[in-house]
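Structure first, commentary second.
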Amino acid sequence: MDIYLLDWANLLLRWLHVITVIAWIGASFYFVWLDNHLVKPTADDLKAKGVDGELWAVHGGGFYNPQKYLVAPANLPKDLHWFYWESYWTWMSGFALFVVLYLFNASQMLIDTRVYAWGAPWRAVLAALGFLVVGTAVYDIACRTLGRTRDGGIGHDGRVMAVVAVFVVAATWLACQLFAGRAAFLLIGATLATMMTANVAHWIIPGQKKVIAQMRAGQKPDPIHGQRGKQRSVHNTYFGLPVLIAMLSNHYGMLHQHPHNWVVLSVLMAAGVAIRVFFVKRHKGVNSWGAVVLALALLTGLIVWMAPRPQPAAAAPAEPVALAQVQAIAAQRCLACHAGEAAQKGVRLDSPEGLAAHKVQIYQQVVVQRAMPLNNATGLTEDERALIGRWALQP
């Protein structure tokens, strides 16, 4: 029953997380697109109202006319729609999923003794949480010190993003030296996502609230709040695709089990940034095919570099492997997760029929990708992997 309820918690939290991610990333992408398509108004009444840009669009059978004010309208409407709960719920649901799947099962999901022997699971848990805190602090310090001009304005985003890029690559390397590959990939995505949500919670929304409070009090709004919010918002849109690929790639053993997995994830995230650059520049009407070429070159190079090398043929045919031998290995190494009605992903290996039905999956996960057993928690030996491989390939 505990495994059954845990599976439901996993499913529902994952579903909630995907829903909120779609809402948050979708809103972020839309507003970047909107900002890049606004045009200066020509109508005198709009100029008089302080409208800095407007857009006419058609969707769903209706016409829309969004308008953006340089700082704020002269008469602030009573009802304002805020965009922050999408971000907060994305982080909260993702963190809850991380706690349920990884922190509560640190000895199995977070720790791989072949990578680093933590001794006690709580040490790995604290170190993982430290990545979230340190990453957010490093990024925030970079914005505060390097993301401002000499006169106190906002600028020099290139310097900030260069520091972030170096930090992310270094953090990816370190995470892959300390944690199981799958956990390391997820942790880097979570670190970037924490930076993004911190931007919303500590800069974008508070700045907007200060502008509104100043307007309600009859004061002239300070434009610095809008500039800071814009800076962090732009950063978030470039973080988005690297976060998504970090979260998705941890489901593929060929990626996180690679001997140089930190390079694999770093290249994937760099390709994500290039793809986002393409869309942002294209929204502005700028030729951005160079970013597409860069992304494709990175992905192609990664695919070629990671391609499995041909294996030399065996000198002599080995003895046939009996099914009973594979059953004995499965009983010791696999049935903790793949037996009975609660078998993970419905893959039951507790019968000859189950082993035969999943022979291809077993070969792929155990021999080729070496992703199972997860983090080799049950201690599957190299000889046992080889025996399973011979069984899977024999007629």
Side-chain angles (χ1 to χ4, degrees), residues 2-3 5-7 9-10 13-14 17 90-139 166-198 242-266 268-269 333-334 336-337 344 365-366 369-381:
D2 290 343
I3 295 176
L5 294 177
L6 187 62
D7 280 345
N10 182 351
L13 281 173
R14 195 180 297 274
H17 188 53
T90 294
W91 190 89
M92 289 188 293
S93 60
F95 185 74
L97 196 60
F98 182 56
V99 170
V100 169
L101 293 182
Y102 286 84
L103 300 191
F104 280 172
N105 298 286
S107 58
Q108 293 182 339
M109 299 292 291
L110 196 61
I111 298 173
D112 186 342
T113 54
R114 297 170 301 174
V115 176
Y116 188 80
W118 284 95
W122 63 266
R123 295 174 181 170
V125 170
L126 289 180
L129 295 175
F131 269 76
L132 307 184
V133 175
V134 172
T136 303
V138 168
Y139 165 68
V166 171
F167 171 79
V168 169
V169 172
T172 302
W173 174 84
L174 182 60
C176 290
Q177 310 309 307
L178 297 177
F179 303 104
R182 185 175 183 179
F185 278 35
L186 183 68
L187 186 57
I188 294 303
T191 300
L192 284 169
T194 302
M195 296 178 189
M196 295 172 68
T197 298
V243 169
L244 290 179
I245 194 60
M247 299 302 186
L248 291 174
S249 60
N250 81 86
H251 293 283
Y252 296 87
M254 65 177 180
L255 302 177
H256 63 74
Q257 292 287 341
H258 193 275
H260 301 291
N261 50 4
W262 68 274
V263 177
V264 173
L265 181 56
S266 297
L268 287 172
M269 290 191 293
R333 311 297 189 189
C334 310
C337 298
Q344 292 294 311
Q365 293 292 323
V366 175
Q369 295 193 14
R370 304 172 63 84
M372 291 293 159
L374 188 62
N375 300 332
N376 202 26
T378 57
L380 185 68
T381 67

Worksheet item: Where do F131 and L174 land on the side chain to side chain contact (heavy atoms under 4.5 Å, CB included) test, with the steps shown first?
Response: CA-CA 10 Å; F131 269 76; L174 182 60; 3.9 Å; yes
Discussion item. Between L132 and L187, is the side chain to side chain contact (heavy atoms under 4.5 Å, CB included) condition met? List the steps.
Written reply: CA-CA 8 Å; L132 307 184; L187 186 57; 4.2 Å; yes
Worksheet item: Say you draw a straight line from OG1 of T113 to CG of N376; how long is it, rounded to the nearest 0.5 Å?
Response: 7.5 Å
Item to complete: Enter the distance from L248:CG to L186:CG here, rounded to the nearest 0.5 Å.
Response: 11.0 Å
Worksheet entry | Closest non-hydrogen atom pair, C176 against F185 | SG-CE1, 4.1 Å
Worksheet item: Taking side chain as C-beta onward, heavy atoms only, is W262 less than 4.5 Å from I188?
Response: no
Worksheet item: What is the minimum heavy-atom distance between L380 and P373, and which atoms define it?
Response: CD2-CD, 3.7 Å
Worksheet entry | Close side-chain approach of R333 and T381, heavy atoms under 4.5 Å | yes
Worksheet item: Taking C-beta and beyond as the side chain, do Y102 and F179 meet within less than 4.5 Å on heavy atoms?
Response: no
Worksheet entry | Where at least one partner belongs to residues 96-108, residue pairs that pass salt bridge (Lys or Arg N to Asp or Glu O under 4.0 Å), sequence neighbours excluded | none
Discussion item. Is any side-chain heavy atom of L129 closer than 4.5 Å to one of F95?
Written reply: yes
Worksheet item: Do L268 and L255 come close enough that some side-chain heavy atom pair is under 4.5 Å?
Response: yes
Discussion item. Counting C-beta onward and ignoring hydrogens, is there a side-chain heavy-atom pair between L110 and N105 closer than 4.5 Å?
Written reply: no
Worksheet item: Does the pair T90 and M196 meet the rule for a side chain to side chain contact (heavy atoms under 4.5 Å, CB included), with working shown?
Response: CA-CA 10 Å; T90 294; M196 295 172 68; over 6 Å; no
Practice prompt. Check A180 against M109 and note the closest heavy-atom contact, atom names and distance.
Written response: CB-O, 3.8 Å
Practice prompt. Specify the closest pair of heavy atoms between I111 and A124, including all atoms of both residues, with the distance to one decimal.
Written response: CG1-CB, 3.7 Å
Response to the item:
Exactly one of T136, V243, V138 clears side chain to side chain contact (heavy atoms under 4.5 Å, CB included) with M195, and that residue is T136
Discussion item. Testing the basics here: between S93 and H17, what is the closest heavy-atom pair and its distance to 0.1 Å?
Written reply: OG-ND1, 3.1 Å
Worksheet item: Are any of the side-chain heavy atoms of R14 and L101 separated by less than 4.5 Å?
Response: yes
Discussion item. Tell me if the OH atom of Y252 is crowded by more than 12 foreign heavy atoms within 6.0 Å.
Written reply: no
Worksheet, complete the sentence: Rounded to the nearest 0.5 angstrom, the CZ-CG distance for F98 and L103 is 4.5 Å
Worksheet item: Which residues satisfy the salt bridge (Lys or Arg N to Asp or Glu O under 4.0 Å) test with R182, sequence neighbours excluded?
Response: none
Worksheet item: Does some side-chain heavy atom of L178 sit less than 4.5 Å from a side-chain heavy atom of W118?
Response: yes
Worksheet entry | Minimal non-hydrogen separation, A106 against P121, with atom names | CB-CB, 4.0 Å
